[in-house]
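As structure tokens, the structure follows; a few thoughts come after it.
For the numbers below, each heavy atom of this structure counts, side chains included, while hydrogens, waters and symmetry mates do not.
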Amino acid sequence: MSRGIIIVGNESALLSAIESEMARRAERHALALIPSRLSGSPLPNAAAAMAPDAAAPSRIVLDWIPGSAISARTLLIAAENRLERIDEAVFVCDPPPAGRAVANVSIADVEVMLNDQVKGWFFLARELAAAFRARGGGTLALVYPETAGKDEGLLESAALAVFRSFTRSVLAEAGGEPYVALGFSSGETGDEAGFAAFIARQLDEANRRGSGKHHRYGKHGIFR
């Protein structure tokens, strides 16, 4: 039976690179994008996200509402129905650029950030943990760049800071779980393909003894 993989995250070069690697490891995979709803954010390429391409001919696109606990449960049920099972889940936090000064951040954008970049991860992780416990296994990979880039703004910084803390908490609790949880971060920019390939290798070698470990992708192929 082919492994079932679901990838969730912001549409970005990093997510695309990870999806290409995951597509080589499974006959089919599911993809759920976080909507780009911050004012001033570049609109996602919806047509590209929905259409199969050479890098992801077996992509199954699933919709969800990150700020809804019910939607998180529905998303995983849909993924299990389409894939038959979920063996691996990859969460990719790479928020779109929407840099602005504190005084220019709207209340609406703060609400969007909380729903999409905070509540969404917690709701989905809770549902996924329950599913993995029921199965007695599975792998969760938490992936993020160490910064959002040179034009990083307040909202991107906040989203990444929350995800870093979220990752640390998940990894700290992984020792008592029947599934494997791994963290991945990168300080490199422009080498998304290399980072994605490293993540794929680590997932192929993942086992319970390595659960809770955080891997950092660094210069000259050095990882820690």
Side-chain angles (χ1 to χ4, degrees), residues 3-12 14-15 18-19 22 29-35 37 60-83 85-95 111-146 155-156 158-186 196 199-200 202-203 206-208 210-216:
R3 73 179 79 183
I5 301 175
I6 181 170
I7 305 164
V8 184
N10 311 99
E11 185 177 355
S12 62
L14 176 57
L15 184 138
I18 290 172
E19 184 184 12
M22 297 302 111
H29 66 276
L31 173 68
L33 294 175
I34 296 175
R37 301 193 299 131
I60 298 169
V61 177
L62 301 174
D63 294 325
W64 72 312
I65 303 171
S68 166
I70 294 174
S71 185
R73 185 176 302 117
T74 302
L75 172 62
L76 293 184
I77 292 173
E80 288 178 331
N81 287 340
R82 299 292 298 276
L83 298 172
R85 55 188 280 170
I86 299 175
D87 297 291
E88 297 175 0
V90 184
F91 293 176
V92 185
C93 180
D94 190 7
E111 292 292 336
V112 167
M113 193 276 285
L114 288 174
N115 281 324
D116 293 358
Q117 303 290 344
V118 179
K119 292 164 65 176
W121 297 122
F122 281 89
F123 290 152
L124 197 54
R126 182 178 64 181
E127 295 298 331
L128 185 68
F132 281 168
R133 288 181 192 124
R135 270 195 51 209
T139 301
L140 170 61
L142 304 159
V143 183
Y144 61 91
E146 293 183 357
L155 294 177
E156 303 98 278
L160 283 170
V162 170
F163 194 82
R164 281 194 293 267
S165 295
F166 168 71
T167 297
R168 285 195 294 269
S169 295
V170 171
L171 297 183
E173 297 169 1
E177 298 289 356
Y179 56 86
V180 174
L182 300 171
F184 298 91
S185 64
S186 173
I199 292 169
Q202 295 302 313
L203 291 179
N207 56 56
R208 290 288 304 127
S211 187
K213 186 174 182 179
H214 185 102
H215 303 267
R216 182 181 183 277

Donor-acceptor contact present, side-chain [X] to main-chain [Y], <3.5 Å:
X	Y	value
Asp87	Gly4	yes
Thr167	Leu142	no
Trp64	Leu124	no

Pair Glu146, Arg216 - check salt bridge (Lys or Arg N to Asp or Glu O under 4.0 Å), show working.
CA-CA 9 Å; Glu146 293 183 357; Arg216 182 181 183 277; 2.6 Å; yes

[X] [atom1] to [Y] [atom2] distance, which is reported to the nearest 0.5 Å:
X	Y	atom1	atom2	answer
Glu19	Leu14	CD	CG	12.0 Å
Ile60	Asn81	CD1	CG	10.5 Å
Leu171	His214	CG	NE2	7.5 Å
Leu128	Ile86	CG	CD1	6.5 Å
Ile6	Arg85	CD1	CZ	15.0 Å

Which residue in the set Phe122, Phe123, Trp121, Phe184 passes ring-ring contact (aromatic ring centres under 6.0 Å, His included) when paired with Phe91?
Trp121

With under 30° as parallel and over 60° as perpendicular, where do the rings of Tyr144 and Phe163 fit, or are they tilted in between?
perpendicular

What do the steps show when you test Leu203 against Leu182 for side chain to side chain contact (heavy atoms under 4.5 Å, CB included), and what is the final call?
CA-CA 8 Å; Leu203 291 179; Leu182 300 171; 4.1 Å; yes

Candidate pair Val92 and Asn10, rule side chain to side chain contact (heavy atoms under 4.5 Å, CB included), full reasoning
CA-CA 7 Å; Val92 185; Asn10 311 99; over 6 Å; no

If you compare all heavy atoms of Met22 against all heavy atoms of Ile5, which two are closest, and at what distance to 0.1 Å?
O-CD1, 4.0 Å

For Val162 and Gln117 the tightest heavy-atom approach is CG1-O, 4.4 Å

Any Lys/Arg nitrogen of Arg133 or Glu177 sitting under 4.0 Å from an Asp/Glu carboxylate oxygen of the other?
yes

Within a reach of under 6.0 Å around CD1 of Ile65, are more than 12 heavy atoms found that belong to other residues, nucleotides or ligands?
no

Is the closest side-chain heavy-atom distance between Pro35 and Pro66 below 4.5 Å?
yes

